[in-house]
Amino acid sequence: MNNRELAEVFTLIADLSEIKGEIIYKTLAYRKAAENLAGLGRDVNEYWKENKLEEIPGVGKAIAEKIDELLRTGKLGFLEKLKKEVPSSLAEWLKVPGLGPKKVGLIWKMLKITTLMELEAAAKDGKLRDLPGMGGKSESAILTGLESLSRRSGRIPLGRAYPLAQEIIAQLEKVQGVIDAQPAGSLRRMRSTIGDLDILVAAKDSKPVMEAFTNLAGVVRVLGKGETKSSIEFGDGVRAQVWVHPPKKFGTALQYATGSKDHNVQLRQLALDQGLSLSEHSFAKVKDGKEIFCSTEEEVYQALGLPWIPPELREDRGEVQAAQQNKLPKLIKIKDIKADLQVHSNWSDGKLTMLEMAQAAAKRGIKVIAFTDHSVSLGVTGGLSMEDHKKQAAEIKKAQDKLGDSILILHASEVEIKADGTLDYPDKFLASLDLVLASLHTSLRQPREKATQRVLNAIRNPNVDIIGHPTGRLIPDREGADLDMDAVFNAATETGVALEINASPYRLDLDDMYARRAKELGIPISINTDAHSEADLDMLFYGVAIARRAWLTKNDVINCWSTKKLLDWLKKRG
DNA sequence: GCCGTTTTCGGCCCGACTGTTTTCAGTCG
């Protein structure tokens, strides 16, 4: 079992325990463990082999024993027993917006039904409204919740959430009296997927903001509308909420709403150490309740004796301690990026010619561009034969003449790592290219050992410079290949190959946890757009965001190096 | 069930909003 599968088991335990009515903190502990397992960045099996499961945050004796049983036998007696008490299909019910564990338990016990279909039928037949504590509104809320559940497909990719939030913010900024409007929550922390869009507005009078917000184009339902908070749903099931706070409280409010929850817990503790209670609204002196207001986040952090912490770091991954010791990393910025080392042209599946693409990149301040058109076996993309490459080289020469020294073109390839683990071109040919980026696109469902071996083969080929989107995941639809990432990192450390953070918001691969681990091991990172059109060049923004979440500085990323340093590195690699 | 430079027991965020209520419970973030 891998990290994700283990996380799913503990999430299920948490869901079923909650419906059963177990102590809430027990269920929270299971959820916490599940979250930490999913985001571990290292294979749980490694901890297990070293007998160090309890070193995983949120994993104590009881959960460590359960992981051990799962890894040894693939089963868990505790869960089997729990499922006999609480049907596991009820966990699905918790995904219905407006349905929580209490009502799920109530409906299940009173009506003796267990499936979503039965739930829908019961709601339609009017059987829910007479249950204790429920009424007509709860019943129709469950029906609409079921509807929106069928519409929405889980978390929203950052690449969809971010532009949508910017549109909403642009509309709210037009409202009279609005002084500031900012994204908050996981959106502001730039997580690769977002649950709901959170937006914070500074204004003295909230009423016109709420009016404008609930009347935005595309809103199909207003889920709530109050003085400080309102919530809406769009046609595709995406939900957004806005908080309105007076400008003098905007700093504490924005800090609070940005999270993460665990980061905020840390800050509140620091506040308490100084005799202050930190809330969404203010610092309050514990002694006399006297309030201190902060209009900016900087003031909030300053009051705690900390430098401002960039939102991307606020995940309780050591950022508070680093801030206390004045050791926050100087995070990479978009303008630090001087090279784009994965770009496609119309030689394969790109939309523009190499000249057009290079000009578009130069306009954006890029000094080196590598054309990594697909290799021969990826037929659907018009992969290039070695013969094609000769012609492409001639076109590069012509384009370079036109471009002068505004931008340097590298003749490269995104060479397929084939299902059998071999690369798509012979070594001698690979050696003739300026840069070789090797990627997985096919047979991603191979068993772990086989998939891992493919990537290791590519890493150990001395002609390969970068491993492109290492796991091959697609957000939100496709998990990446089941790779032994420890083995991948070890091999990369040995050979000095660079690992990519693919900036496409539908890839973002490596993710932040893996990228951070790679940095700690000294593995060079490459952030590339994988652009197939001019607009794709602007996706660099997302890749940099993931790099920032991974604590990367410009020194960690080969795309920030001077042209000379980059060329020397490529030359040395052969 | 987890965790610990004020605790190995006793905490674990809490406020806004809604709905079913006659002062509060459930859900959500």
Side-chain angles (χ1 to χ4, degrees), chain A residues 10 13-14 17-19 21-36 53-67 78 82 93-107 128-142 144-145 184-189 194-200 206 210 214 222-233 239-245 249 252-253 255-275 277-282 284 316 321 324:
Chain A
F10 289 107
I13 292 178
S17 308
E18 217 175 347
I19 295 168
E22 189 60 83
I23 313 252
I24 187 66
Y25 297 113
K26 246 188 213 192
T27 71
L28 282 174
Y30 284 120
R31 270 188 221 293
K32 184 105 202 156
E35 261 174 51
N36 288 334
L53 285 173
E54 289 188 46
E55 285 183 12
I56 300 169
V59 174
K61 189 157 174 284
I63 291 182
E65 278 170 10
K66 290 182 175 71
I67 295 175
F78 175 82
L82 183 61
W93 291 22
L94 291 175
K95 294 190 185 128
V96 179
L99 253 192
K102 292 284 161 36
K103 283 183 181 167
V104 170
L106 176 79
I107 296 168
L128 303 182
R129 67 185 68 161
D130 297 325
L131 297 175
M134 294 187 61
K137 286 204 176 171
S138 313
E139 189 174 81
S140 55
I142 288 172
T144 48
S186 53
L187 183 65
R188 183 154 178 255
R189 304 199 311 276
I194 309 299
D196 296 343
L197 309 189
D198 297 320
I199 292 166
L200 227 72
S206 73
M210 298 312 189
T214 51
V222 176
L223 302 157
K225 190 176 174 186
E227 252 179 61
T228 58
K229 181 184 157 188
S230 291
S231 179
I232 56 175
E233 185 173 320
R239 294 178 162 205
Q241 47 201 333
V242 70
W243 283 267
V244 181
H245 288 274
K249 295 182 175 180
T252 35
Q255 195 291 314
Y256 174 88
T258 298
S260 66
K261 200 176 58 188
D262 293 333
H263 176 83
N264 288 356
V265 166
Q266 291 237 23
L267 291 199
R268 275 196 299 273
Q269 188 55 51
L270 280 184
L272 282 177
D273 294 346
Q274 303 183 28
S277 144
L278 172 60
S279 80
E280 181 173 5
H281 299 289
S282 66
D316 186 25
Q321 292 77 357
Q324 282 174 317

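Residue numbers start from 1 in every chain, and the chains themselves are labelled A, B, ... in the order their sequence lines are given, proteins ahead of strands.
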Which atom of A:S17 lies closest to which atom of A:L82, heavy atoms considered: OG-CD2, 4.0 Å

Are the charged groups of A:E35 and A:R31 less than 4.0 angstrom apart, N to O? no

Counterpart residues, side-chain hydrogen bond (donor to acceptor under 3.5 Å, both in side chains), relative to A:Q269 (two or more places apart): A:D273

When you compare B:dG15 with B:dG10, how far apart are their P atoms, in angstrom units rounded to a whole number? 25 Å

Of all residues at least two apart in sequence or in a different chain, which pass the side-chain hydrogen bond (donor to acceptor under 3.5 Å, both in side chains) check with A:D130? none

With a non-hydrogen cut-off below 4.0 angstrom, is A:K32 in contact with a base, only sugar-phosphate, or nothing? nothing

First of A:L131 and A:T228 reached from the 5' end of DNA chain B, by closest nucleotide: A:T228

What contact category does A:G136 fall into here, base, sugar-phosphate, or nothing, at under 4.0 angstrom with non-hydrogen atoms? sugar-phosphate

For B:dC14, the nucleotide meeting Watson-Crick or G-U wobble distances (both under 3.5 Å) is B:dG29

Expressed in whole Å, how much space separates the C1' atoms belonging to B:dT8 and B:dG1? 15 Å

Could you tell me whether A:K229 contacts a base, only the sugar-phosphate backbone, or nothing, with contacts defined as non-hydrogen atoms closer than 4.0 Å? sugar-phosphate

Taking the P atom in each of B:dT21 and B:dC17, what is the distance between them to the nearest angstrom? 22 Å

Measure the shortest side-chain to side-chain distance between A:L94 and A:I19 over non-hydrogen atoms and say whether it is less than 4.5 angstrom. yes

Touch check for A:N264, heavy atoms < 4.0 angstrom, all strands: base, sugar-phosphate only, or nothing? nothing

Shortest non-hydrogen contact from A:T252 toward A:H281: OG1-O, 3.2 Å

5' priority, DNA chain B, between A:L223 and A:P132 [closest heavy atom]: A:L223

Separation between the P atoms of B:dG19 and B:dC13, rounded to whole Å: 27 Å

Can you give the first and last nucleotides of DNA chain B, 5' to 3', that have an atom under 4.0 Å from a heavy atom of chain A? B:dG1 to B:dG29

Quantified in whole Å, what is the P atom distance between nucleotide B:dA16 and nucleotide B:dG11? 24 Å

Could you work out the separation of B:dA25 and B:dT20 based on their P atoms and round it to a whole Å? 16 Å

Looking at A:D316 and A:K261, is any side-chain nitrogen of the basic one under 4.0 Å from a carboxylate oxygen of the acidic one? no

By the 4.0 Å heavy-atom rule, please label A:I23 as base, sugar-phosphate, or nothing. nothing

